[in-house]
Structure formats: structure tokens, C-alpha cells
Amino acid sequence: MIEYDEQQRKLVLKLVYYGPALSGKTTNLLCLHDLLSNEGRGELMVLDTVDDRTIYFDLLPFFYVSPSGFRIKLKVFTVPGQVRHDATRKAVLQRADGIVFVADSQKGEMANNAESFANLERNLSFVGLAIGKLPLVIQFNKRDLDAIITPEEISGTWGPTGLPVVLASALRGDGIVETYEQVVSLIYDALDSRLGLTSRLGVEKADFLRSVTRRQQGYQ
Amino acid sequence: MDRRLDFIVGREIGLRQLLNTADALMLLEGAVRAGACGGEIVAADGALLASCGDAGPWKVLRPILVEGEPVGALSLFGAGVTPLLEGVADMLHTALHTLVFGAMKRLLTSETHTAVINQTYDELLETNRRLAQSERQYRELAETLEIKVHERTKELSRAYAAMLQREKLASVGQLAAGMAHEINNPIGFVISNLATLQRYAAKLKEMLAFYRLGCESHLPPPLMNEANERRQELKIDFILNDLDELTAQSLDGAERVKKLVADLRGFSHVDEINEMPTDLNAELEQTLSVLGHEVREGTVIERRLAPIPRVTLRPALISLAFLNVIRNALQLKVPALVLAISTEAGQGQVRVRIADNGPGIPAGIRNRVFDPFFTTKDVGEGTGMGLNMAYQAVNSCGGTISLECPPGGGTIFTIALPEERDAS
């Protein structure tokens, strides 16, 4: 967590979209930005890019104020996927409250996915986070493409880990909000047991989730 | 460690970090010139960031958002809420947002950049530290390597010299053994023939005596005179007397040659390269016999060889040691050299002592006498290898060789060998 100020009744959280280069992390955020209501969020901030490739990160902030007046700000980040930006990934990962691992569904990308996941594990331990204790959702993106691995293959690989897996197409907008909802729900649960969001701070899960995942009018 | 700015990517950033007063004032002054009475920018916590002009009766308020959240507010004052004031406020608001958003981006970028640089620098330091450490290790290794190589080279040249010498000795031994074999046969029939000759001579003597005693009286006087003359002329009486001694001497000489050949053969141990139970007394005798020709006249060799158990070792090696120590003593240039060779057993050891009555070894060089090439003899007389070879040979047999110089003079070499050796 980035910041927790009980006196100011404010909590700032960090959600990080991780994954190999060109797996669609920024597209996920663009999609969330388009699909979710602007009432509960700020603007998407895309920091400098080179050839449309993220070199720092993208940031989409969400915020929520409970009826009791407790404020939660959820900042959603992407990391640069290219191998060379490992130091930036470490910097962005610091104090993360949840991870969405965006994998590329294309058949030829499995090695890159595995490499990036191993990198995630390494970097989490570098910044002092345990991958087993962190809310983590796996998203297999680019389901709209042809040469992709089957859902059976995916569940064969990831089923045993017990991690939630979402099939998505960021280009079409499929599974993007679902991924986000799942990870936010996990983040809430993790924080609730640590901070007593419901009992002590008066933050109801349903209310919080409804607020930060509110859809744009006209989308269903 | 440097004082380090540590950024958490995503930390909350207030309006004050994003908007500097000079920029804000410029915008507010523009608004005043455009017709507003005054204006002010206030942060969310109530702090005044910038103000210009006077507070008017009417106020137009615009929130300033960062990441979608209000972090402050812009207020413009005017005589009334006119479309102009609203328009100026909107313009100012947009300009402020652009400014703040840009500043936010720049701040995030530079903070991330700094974090990355710091981390990269840390990693570089760590890499550098590891490299320096491994370099140090290699340097140490290289240094000790030089010493080790030096030591090994010395050892190697020592071993090589010893090996050369041993090989030389071995080939000499082989030559000796070969010659011994070649001599053995002829000396065999020489001895046998000499013995036969002795018998024949005795028979001839007997026959001659018979003639003289039984036949001479029957000869006619002229013939007897002639026979006596011939006998004296040919010195037959002398010959008959000398014949026995001559053959006896020859036989003795031939027997000595035969023994020497046998000793030489035994000493060279050409057929015995493996360890075997060895009688050290016999080895000493054999060595002394082989060295017989090197024993100068007047030298006394005292043997005090006690009954000792056989020791399992390579006989060739131990006789090599004996040979070198004894030869070393025999070469002492003292009148009336006395060499005392004794053996004894006890405390699980068999000890061989070779003592001389020479001048002793000066204390300063005692620890060097077993070094290779160390010699006090004149050039050409000693190789400096003898005692070193003895040392190596005794070592190979699992024993030790030491020397002492008692106050009364002389040197005592002691070769101690374990009675039982660990199988190794």
C-alpha cells in the first residue's frame, strides 16, 4: 500500500498490471478508462513512450469515499514489459497491493510469458513482497487472435496454482473489467483482514466494488 | 551511503509540488488585466498558494483536480459574475490544469527516472564490489600460485635430479648384473679346472717322485747325471714346491671373483623390484663387499650386527641408502679410519648405525647435508647427490635418516625403519 493515514482517514492503494512486452497492459488500462464511469476515476496518464512502447508506466487512478467518509484511492499502474526496463518495473512494483499478470495467448509467446512471470517473482521478492500472499489474477489476453493456446491448455497449466485466470481481449473489451473486478475484490479481502475495512473503517465491500468498477453509461 | 531520495512510485502529490507560485501569479495577473478584481489559488488544506489584486464582492470558483481528485481551488473576484469573468476563469482553469498535469507527468517521470538511476547505481556498486572481490581473489591466487609453482619447480628439479641419479645407478647396476652374469660362467669353469689342475698336478708330482725314488738307481750313470742336470736346469724341485701354492692362490683368487660377482648381482637387485622381507644385515654385508675396492688400506670396519627381524621393503632401495652412507664415510680423508656399523631392533623399529671417526659435520651445515647437490668435497669428487639419494631411498622405505655429531668427534648416521609398515 502506498499510504495509509488513519487520521486523515485515507488509504492509497497500488494495483500493477505486469506481463511480457506487448501483451496489452496499456490497452487494458485504456479499455478500463473507456468502459468505467469517469465519476469514480481520474484521467489516464500515459507517461512518455518510445514508438508507442511504455518506457515508464501508465497510471489510471480510481477513488472512493465511503458513507463514513473514509477515502480510498486505487492507483492502477502498468509496467514497461521490455526486458531492459527491469529497474523501472522494480520501482513500480514497490508497495503493490495487487497484481494482474497479463499474458499473451499467442502460441509463440509462452516462453515470454514464463520468463516475465519468473521476473515478476524475482522482482516481488526484491521489493520485499511475497507472491503467495499478494492478490494476483492471471489474464490471458488477445483471445481475439487465431493462433492462440486453448482454454484447456491454460487451465492445465494454471489450474494447479489455484490462481484466478481470466480470458480477455483488450481490443474488444472482453474480460477486462472482469479481470479488474476480480483483483479489486481480492485486494479488498486482503486489506479487510489486515485493516478491518468493514469493521473498523466502515468501508463495505459491495459499496467499494460498485464505486470503483462502475460502468460508463451506455455500456453494459 | 549518500543521502538518498526515495520515491514511492504513486505516492500522493500535493498541489504545492505541482504548481509554483510564480507561474500561478502570472496567470492570476493576466486575469486581473482581463478585468477581474483579483484572484487566488488555495490548496486543499487551506494554504494560500498565490493571490493577486483585491477580493471583490463576487467570486467565481473552479476546483483544481489531480488524478481526478480536488487538490485545491481557483477563485476569481469581480464586480459581478459576468460572462467575461466566467470566461477568464475557464481559461485560467484550463491553463492551470494543463500546467499541473504536465508538472505531474514530469514529476512522475523524473522520480521514476531517479529511482531507476539509484537502483542501477546500487546494482553497479554491487557488481563492482563483487568484481573487485573476485579480482582480489584472483590476484591472491596468482601470487600464491607463483610461490607454489616455484616450490613445485624446486621439488620437481630435486626429484628429477634424484631420478637421474637413480636411473644412472640402476643402469650401472644392470650393467654390473649383466657383467656378473657373463663372468659367472667362465669363472665357474676356471675354478673347476683349477681344482682339477690341482689334482692332476698332485698326480704328476706323485709319479715324478716314484720315478726318482724307484727308477733313478737303476739308470746307467751317464744318463743319471744327465737327468740331474736337466732337473736342476728346469728348476723342477722349485716348480714342484711352487705348484701347489700357485694353484691354491689362483683358486682363491677365482673364488673371490666368484663371490664378488655374486655380491654384485645381489646388490644390484635387478630381479627384485617389489617389496619383500629383507635381511638388513645381509644387505649391509653385500654393500660392504661391493664397496671392498673403495676401502683404503688401514681402514678398519667394525661390524656389530645384532640379530634383527626382516623388514619388508624394496631391497634395492635400502642397499642404495647403505651404499651411499657407507661410501660417504669411506671417502673421509682421515688416517686410520674406523667405521662402526651396527644394527639393533626395538620399540617397533630396526635401526642401522653407521659411525665414523672423522672430523664430524659443522653444525652450520648439518641441516643441508641431505640437500641435493650439497657437497663439501672438491669439484669432481662428489656430486652432492649421495646423501640426498640415501635420504630419498630411506623415505621411500618409510623410514627416517638422521645424523648426530657427538662431542668426541665423528658422525653417526642412523637409519630407522619401522618393523611393520602400514599397508599403503
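A note on names: the letters A, B, ... follow the listed sequences, proteins ahead of strands, and every chain is numbered from 1. Quick caveat, the model's predicted, so the values are computed rather than measured.
Shown here for G10(B) and I2(A), the closest heavy-atom pair between the two residues is O-CD1, 3.5 Å. Shortest non-hydrogen contact noted between V116(B) and A87(A) is CG1-CB, 3.5 Å.
Within the 4.5 angstrom heavy-atom criterion, atoms from both the backbone and the side chain of V92(A) approach chain B. Heavy-atom distances place no part of I55(A) under 4.5 Å from chain B, backbone and side chain included. If you measure heavy-atom distances from L59(A) to chain B, the contacts under 4.5 Å come from the side chain alone. For F57(A), the part lying under 4.5 angstrom from a heavy atom of chain B is the side chain only.
Within 6.0 Å of OH on Y391(B) lie no more than 12 heavy atoms contributed by other residues, nucleotides or ligands.
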Short of 3.5 Å, which donor-acceptor contacts do chain B and chain A share? List atoms and distances.
from, atom 1, to, atom 2, distance (Å)
V9(B), O, K14(A), NZ, 2.7
G10(B), O, K75(A), NZ, 2.6
E12(B), OE1, K10(A), NZ, 2.5
E12(B), OE1, K73(A), NZ, 3.3
E12(B), OE2, K73(A), NZ, 3.3
E12(B), OE2, K75(A), NZ, 2.8
E67(B), OE1, K73(A), NZ, 2.7
E67(B), OE1, K75(A), NZ, 3.0
E67(B), OE2, K75(A), NZ, 3.3
E69(B), OE1, K73(A), NZ, 3.0
K105(B), NZ, V46(A), O, 3.2
E123(B), OE2, K90(A), NZ, 2.9

